[in-house]
Amino acid sequence: MTKQANIFVISDSAGETADSVAHAALAQFTNLEVNYTKYPFVTTKEKIDAILASAKEKDAIVLHTIISKEFYEQIDSFCKKENLICFDILNPIVNAVAEKMDEEPLRVKGLTHRLNDDYFDKISAMEFTVNNDDGKNPKGLLEADLVLLGISRTSKSPLSLYLANQNIKVANLPLVPSSELPKEIWEVDPKRIIGLTNDMNVLMKIRKQRMIAYGLNPDTVYSDESEIQKELDYSNGIYEKIGCPVINVADRSIEETAALIMEQLNINGFKKTGL
């Protein structure tokens, strides 16, 4: 019988930090059925009382990023009294830094989500990336912070959007043996280009599943082994000619691949274009 875990995520802001921590931790338990209940923008004692009463009823694990001293002490006190597992994600770090540096924290909620320059840079990066997806705008290759190249099903678009959320302007370009590459790609600094590849067996499986999802015959040229090999050989030839780093996305999550891309960019002394 599958075990169930109730996770309550409480925040006085959007709750993204606590939610990400909760999912990252519980991903390690593949045999658990996890029920997440998210409570963002919790700013009153009465609301916290109601949430905690529900947590007690469901014997939930509580994770929170409440920054108000009064409110996080309220949560901590209740959970200790009722023997509920509780993780205060922010305050141990805030308190440790405050003590070491002899500085008082602001204890203002939602500072990381304010409409500052960083926020508008992120929106700009997202807009740029959407407009330069799948080779839509060859001129954008010259304006991008990063260019991703790859044949079909190498995660170009989801990776582009994920990296755009990190304030990086990304352009991606599909590599097709029968299509001519735009001349702009040869003008881009190879240090700003990442070539993406995938394993043959993974590509075949993904492409067949895609055809089935469209209600079509899975055995087509698109999923044929010899044709896929031609595409892989073609893309590898392009990468060698450009002299760019190559990353294999097989069996890697978007987050893992993005981390490898950022590592490679940092090695190459990455700097934003400023455009």
With sequence neighbours excluded, tell me which residues meet ring-ring contact (aromatic ring centres under 6.0 Å, His included) with Phe78. none
Kindly indicate, with the supporting measurements, whether the criterion side chain to side chain donor-acceptor pair (under 3.5 Å) is fulfilled by Thr65 and Ser11. CA-CA 5 Å; Thr65 51; Ser11 176; 3.2 Å; yes
ILVMFWY network linking Leu181 to Ile151, side-chain heavy atoms under 4.5 angstrom: yes
Answer yes or no: does atom CD of Gln209 have more than 12 heavy-atom neighbours from other residues, nucleotides or ligands under 6.0 Å? yes
Does one side chain, of Ser160 or Thr129, offer a donor that lies under 3.5 Å from an acceptor on the other? no
Would you say the side-chain atoms of Arg252 and Asn198 include a donor-acceptor pair closer than 3.5 Å? no
Does any donor atom in the side chain of Asp199 or Asn248 lie under 3.5 Å from an acceptor atom in the other side chain? yes
According to side-chain contact (heavy atoms from CB on, under 4.5 Å), who are the partners of Glu127, at least two apart in sequence or on a separate chain? Ile123
Hydrophobic cluster membership, Ile7 vs Ile66, 4.5 Å side-chain cutoff: no
Please check if Leu232 and Ile238 belong to a single hydrophobic cluster, counting links between Ile, Leu, Val, Met, Phe, Trp and Tyr side chain heavy atoms closer than 4.5 Å. yes
Under the rule for ring-ring contact (aromatic ring centres under 6.0 Å, His included), what residues qualify as partners of Phe128, not counting sequence neighbours? none
Is there a chain of hydrophobic side chains (I, L, V, M, F, W, Y, each step under 4.5 Å between heavy atoms) that links Val9 to Val21? yes
Does a sphere of radius 6.0 Å around OH in Tyr234 hold more than 12 heavy atoms from other residues, nucleotides or ligands, not counting ones at 6.0 Å or beyond? yes
Keeping the roles fixed (side chain from Ser155, backbone from Pro158), state whether a donor-acceptor pair exists under 3.5 Å. no
Does Ser13 reach the main-chain N or O of Gly15 with its side chain, forming a donor-acceptor pair under 3.5 Å? no
Are Ile67 and Tyr72 connected into the same hydrophobic cluster when the rule is that any two of I, L, V, M, F, W, Y join if their side-chain heavy atoms are below 4.5 Å apart? no
So, the side chain of Lys3 versus the backbone of Leu32: is there a donor-acceptor pair under 3.5 Å, distance only? no
Side chains of Asn236 and Asp233, donor plus acceptor under 3.5 Å: no
Evaluate the criterion salt bridge (Lys or Arg N to Asp or Glu O under 4.0 Å) for residue pair Lys156 and Asp134; output intermediate values, then yes/no. CA-CA 8 Å; Lys156 295 184 300 297; Asp134 211 26; 5.2 Å; no
Counting neighbours of CD on Glu227 that are heavy atoms of other residues, nucleotides or ligands and sit closer than 6.0 Å, is the number greater than 12? yes
Glu73: side-chain contact (heavy atoms from CB on, under 4.5 Å) partners, not counting sequence neighbours: Lys69
Evaluation steps, salt bridge (Lys or Arg N to Asp or Glu O under 4.0 Å), between Lys38 and Glu16: CA-CA 10 Å; Lys38 187 174 176 180; Glu16 295 173 4; over 6 Å; no
Is the closest side-chain donor-acceptor distance between Asn167 and Asp121 under 3.5 Å? no
Is it true that, when you exclude Glu99 itself, more than 12 heavy atoms of the residues, nucleotides or ligands shown sit nearer than 6.0 Å to its CD? no
Ignoring hydrogens and angles, state whether a donor on the side chain of Asp133 or Asn172 is under 3.5 Å from an acceptor on the partner side chain. yes
Strictly by modelled atom types, are Asn137 and Glu143 linked by a side-chain donor-acceptor pair under 3.5 Å? no
Do Tyr222 and Ser152 meet the criterion of a side-chain donor-acceptor pair at a distance under 3.5 Å? yes
Is there a donor-acceptor contact under 3.5 Å from the side chain of Arg192 to the main chain of Asp145? yes
Just jot down the side-chain contact (heavy atoms from CB on, under 4.5 Å) partners of Asp251, sequence neighbours excluded, or say none. Val202
Once ring-ring contact (aromatic ring centres under 6.0 Å, His included) is applied, do any residues pair with Tyr36, and if so which ones, sequence neighbours excluded? His23
Taking atom CD1 of Ile254 as the centre, does the number of heavy atoms from other residues, nucleotides or ligands within less than 6.0 Å exceed 12? yes
